[in-house]
Amino acid sequence: MDTNQPSNTLSRRKFVKIGATGAATLFILPALSGCGSENSEAQTDEAEGGAGAQQKTATLAFRGGTIQTMTSENDVAEALAVDGNEIVYVGDEAGLEAFAGSGTKVIDLEGGMVVPGFMDGHIHAPGDWVTKLYDIYLGDATTVDEYVKIISDFVAAHPEREAYTGNPFMVNAFQLEDGSNPGPNKKLLDEICPDKPILLLDVSHHSAWVNSKALEMANITRDTPDPLGGIITRDENGEPTGYLIDGAATEVSALVVSEHTDEEYEQAIAKYQEDASRFGLTGITNLSAVDARFFSELEKAGELNLRMRILPTIIPGTDPSEAVKTVKGLARYDSEMISTGTAKMFSDGVTEGGSAVMLEPYNEAAGKGSDWYGESEWDQQEFDAMVAALDKAGVQVHVHAIGDGAVRATLDAYEAARAENGMRDARHTITHACAITDDDVKRMADLDIVGALQFLWMYGDSLYELEKAYIGEERALAMYPTKDMHEAGVVVSGASDAPVTPYVVLDEIEVGVTRNSPYAGEDNADMHRWPEQGLTAYQMLEAYTKNVAYQNFMDDLVGIIEVGKRADLVVLAQNILETDPRTISDTKVLYTVSDGRIVYEG
């Protein structure tokens, strides 16, 4: 068996007919031709309950295309039937006849492709939708002048607000002609609103741009030391500029908040689900930005379209027993659509903020001198103790680690927890793992650590230019060794970290193969980033289906197309395993099926 694959990998697909209590009403499908009788006989032989077994009548069926089961690359079928939320048939078209009745919705694929529903191994729901609907949304702007106009217009239109929040700005917009980048400045915000706090988060949500009022509320002055793992950016006189990174931003974010009603959160989630279904998403690892009860209530109403694992974030200073209690307390929401039992932790920050923890120092362009390696918000002993306590309690741990120093520290913690608590099927995860040494790639595989990676970060975009300035071109180019990780045996799951980058899986798959931009006007340009580390289209499809299902302990339900699994499916207009990789992102999503329900029709 391929050592890179989760344990649910099968050697062949089973053609099983599921017994039912009522007799099936047969509906003869048109134009079922080209299939030999051997397959139908084999299916009868394998039918549950023997020759007299009764069959389920499908509510939904697909024919006329490629069914990519994901049990292996060559394991494809011609037809698929679903009864309710369960897959009841996978095989040739001739065998589909027995599952179709007068009420069956039969979809002719017309040469298209059915794959398991796309899943995202690290995402924040409902993402930017609260901001887009109710706060200051900067995502459509690219220049400082545009930011200032959007902020000014919003403040003028909402004089009743006690505080103003928003996102996402790009720190690139503040780069000066000499190549230096001091980041955003409080003075621009003070001119707009001097008497109420303003807090705006950057695209990574690791940095904040605040005005003087917000600094005052947080008691941040020229005499305030940088918090552990945080940076208070200062001018030449030592005065805080209003650009705060990681731990420093976290302190102010806790004080400057915008209040929203339950109805507003519900509307944001509805918009988020609508978008996710349009892109073929049926499952997520949710670093939830809202109370889990919202998703649970949607499920009870039959309106939850995303099968999710919900992760609370454990912050430094938390007692390990309280952390375990927090995670275990979410178990009341567990169901087939919602699962819990995982905790998220931060080992470091981000490269473009100079807060990712590195094994070698940053360049002086990062603004922290020649001996700056980045700094974690966690004391390492406290971090190790927390990981060990969570592991002992049976909790899966999901760690943000971007720099190679943070990746190594996280692997050390996982290894120590295993030595202390013994082996188990933990499926601990490192998300991002942008910089990683060859030795730690091997350790990651040996320790069975899942890598939840963001493939849209793996081409030469504008943040890559900042990374080159901060750590040098050689080190920046050596990021994201995905092929090495795959070949070493790391289970690589696909993730967007949305709203940091979009949750458009077909774009992500294309980048994972080409290591170039998937966007119109750029996809033929040379924006490659270490293209030798590109994966195959099938490996990328695994990353966004079965591997996330494995990461989320949902591989018994979804991730492959097999009789008995839940019907989370995506229908694509073309076979993305056969097309030119540069056209994968052009592929249309025709249908998205969540738990047997068609939730999007393109």
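What you see below is based on every heavy atom in this structure, not just the backbone, and it leaves out hydrogens, waters and symmetry mates. Position 1 is the first residue of the sequence, and the numbers go up from there.
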Hey, is the main chain of Ala365 close enough, under 3.5 Å, to the side chain of Asn363 for a donor-acceptor pair?
no

Between Tyr414 and Val397, is any pair of side-chain heavy atoms under 4.5 Å apart?
yes

Sequence neighbours excluded, the answer for salt bridge (Lys or Arg N to Asp or Glu O under 4.0 Å) partners of Lys186 is none

Is there side-chain contact between Phe154 and Leu138, with heavy atoms separated by less than 4.5 Å?
no

Residue pairs meeting salt bridge (charged side-chain N to carboxylate O under 4.0 Å, His left out), one or both in residues 390-405, sequence neighbours left out, come to Asp391-Arg424

Do the side chain of Ser355 and the main chain of Val350 share a donor and acceptor less than 3.5 angstrom apart?
yes

Let me confirm one number: the CD-CD distance from Glu382 to Glu377, rounded to the nearest 0.5 Å.
11.0 Å

Which pair of heavy atoms, one from Val511 and one from Asn516, lies closest together, and at what distance?
CG2-O, 3.5 Å

Verify side-chain contact (heavy atoms from CB on, under 4.5 Å) between Leu189 and Tyr164, making sure each step is shown before the conclusion.
CA-CA 11 Å; Leu189 300 182; Tyr164 298 98; over 6 Å; no

Ring centers of His124, His122 separated by less than 6.0 Å
yes

So His400 and Asp348, side-chain contact (heavy atoms from CB on, under 4.5 Å) or not? Walk me through it.
CA-CA 7 Å; His400 164 119; Asp348 68 348; 3.2 Å; yes

I'd like to check Ile231 versus Trp372 (side-chain heavy atoms, cut-off strictly below 4.5 Å). Are they in contact?
yes

Nearest 0.5 Å, please: how far is CG in Asp202 from OH in Tyr243?
6.0 Å

Distance-only side-chain donor-acceptor flag, Thr437 / Arg443, under 3.5 Å
no

Of Thr340, Leu330, Asn286, Thr285, which meets side chain to side chain contact (heavy atoms under 4.5 Å, CB included) against Leu311?
Thr285

Do Arg529 and Glu467 sit within salt-bridge range, that is, some charged N less than 4.0 Å from a carboxylate O?
yes

Hey, does Met170 have a side-chain heavy atom less than 4.5 Å from the side chain of Thr142?
no

State, without any angle test, whether Ser152 and Glu191 hold a side-chain donor-acceptor pair at a distance under 3.5 Å.
no

Residue pairs passing the salt bridge (charged side-chain N to carboxylate O under 4.0 Å, His left out) test with at least one member in residues 122-140, sequence neighbours excluded, are Asp135-Arg161

Basic-acidic side-chain contact under 4.0 Å: Glu465, Lys468:
yes

Ring pair (Phe, Tyr, Trp, His ring centres under 6.0 Å) pairs, two or more places apart, involving residues 208-234:
Phe169-Trp209, Phe174-Trp209

Between Ser585 (side chain) and Pro518 (backbone), is there a donor-acceptor pair under 3.5 Å?
yes

When rounded to the nearest 0.5 angstrom, what is the spacing between CG in Leu390 and CD1 in Ile314?
6.5 Å

Looking at OH of Tyr272 and CD1 of Ile123, how far apart are the two atoms once the value is rounded to the nearest 0.5 Å?
3.0 Å

Assess the residue pair Lys442 and Asp438 against the criterion (salt bridge (charged side-chain N to carboxylate O under 4.0 Å, His left out)); give the C-alpha distance rounded to whole Å, side-chain angles, the decisive distance to 0.1 Å, and a yes or no.
CA-CA 7 Å; Lys442 185 178 186 305; Asp438 292 343; over 6 Å; no

Locate the shortest heavy-atom distance separating Ala413 from Val387; write the atom from each residue and the value.
O-CG1, 3.9 Å

Does Asp319 pair with Lys325 as a salt bridge, N-O distance under 4.0 Å?
no

Quick one: closest heavy-atom pair of Gly121 and Ala452, and the distance?
O-CB, 3.9 Å

Counting only heavy atoms not in Leu228 (residues, nucleotides, ligands), do more than 12 fall under 6.0 Å from its CG?
yes

Could you tell me if the side chain of Trp378 sits less than 4.5 Å from the side chain of Met345, heavy atoms only?
yes

Given Arg418 and Asp446, is the salt bridge (charged side-chain N to carboxylate O under 4.0 Å, His left out) satisfied, shown in steps?
CA-CA 12 Å; Arg418 173 174 289 184; Asp446 291 344; over 6 Å; no

Could you report the tightest heavy-atom contact between Ile245 and Gly353, atom names first, then the distance?
CD1-O, 3.3 Å

Separation between CD of Gln380 and CG of Asp412, rounded to the nearest 0.5 Å
7.0 Å

Answer whether the closest heavy-atom distance between the side chains of Val505 and Phe279 falls below 4.5 Å.
no

NZ/Lys196: more than 12 non-hydrogen atoms of other groups inside 6.0 Å
yes

Side chains of Phe553 and Gln396: closer than 4.5 Å at any heavy-atom pair?
yes

Salt-bridge test for Asp153 and Lys149: reply yes if a basic N is under 4.0 Å from a carboxylate O, no otherwise.
yes

Heavy atoms only: give me the nearest Asp461-Met527 pair and the separation to one decimal.
CA-CE, 4.3 Å

Over all atoms of both residues, closest heavy-atom pair of Thr131 and Tyr137:
CG2-CA, 3.8 Å

Just verifying a value: how many Å separate Gln454 CD and His432 NE2, rounded to the nearest 0.5 Å?
5.0 Å

Pairs meeting criterion salt bridge (charged side-chain N to carboxylate O under 4.0 Å, His left out) with involvement of residues 207-223, two or more places apart
Lys213-Glu216, Arg222-Glu239

Has Ser493 got a side-chain atom pairing as donor or acceptor with Val491's backbone, closer than 3.5 angstrom?
no

Within a strict 4.5 Å, meaning less than it, do heavy atoms of the Lys483 and Glu532 side chains meet?
no

Using the side-chain contact (heavy atoms from CB on, under 4.5 Å) rule, take Ile198 and Asn211 through it: C-alpha gap first, then chi angles, then the decisive distance, then the call.
CA-CA 6 Å; Ile198 300 177; Asn211 65 352; 3.7 Å; yes

Does any N or O in the side chain of Asp120 come within less than 3.5 Å of the main-chain N or O of Ser496, such that one atom is a donor and the other an acceptor?
yes

Any side-chain donor paired with an acceptor under 3.5 Å for Ser258 and Thr165?
yes

Evaluate the side-chain contact (heavy atoms from CB on, under 4.5 Å) criterion for residues Phe455 and Ile509: first the C-alpha distance (whole Å), next the side-chain angles of each, then the deciding distance (0.1 Å), finally the verdict.
CA-CA 7 Å; Phe455 287 87; Ile509 289 176; over 6 Å; no

Testing Phe295, Phe294, Trp129 for ring-ring contact (aromatic ring centres under 6.0 Å, His included) with Tyr265, which one passes?
Phe294

What pairs with Asp235 under salt bridge (Lys or Arg N to Asp or Glu O under 4.0 Å), at least two apart in sequence or on another chain?
none

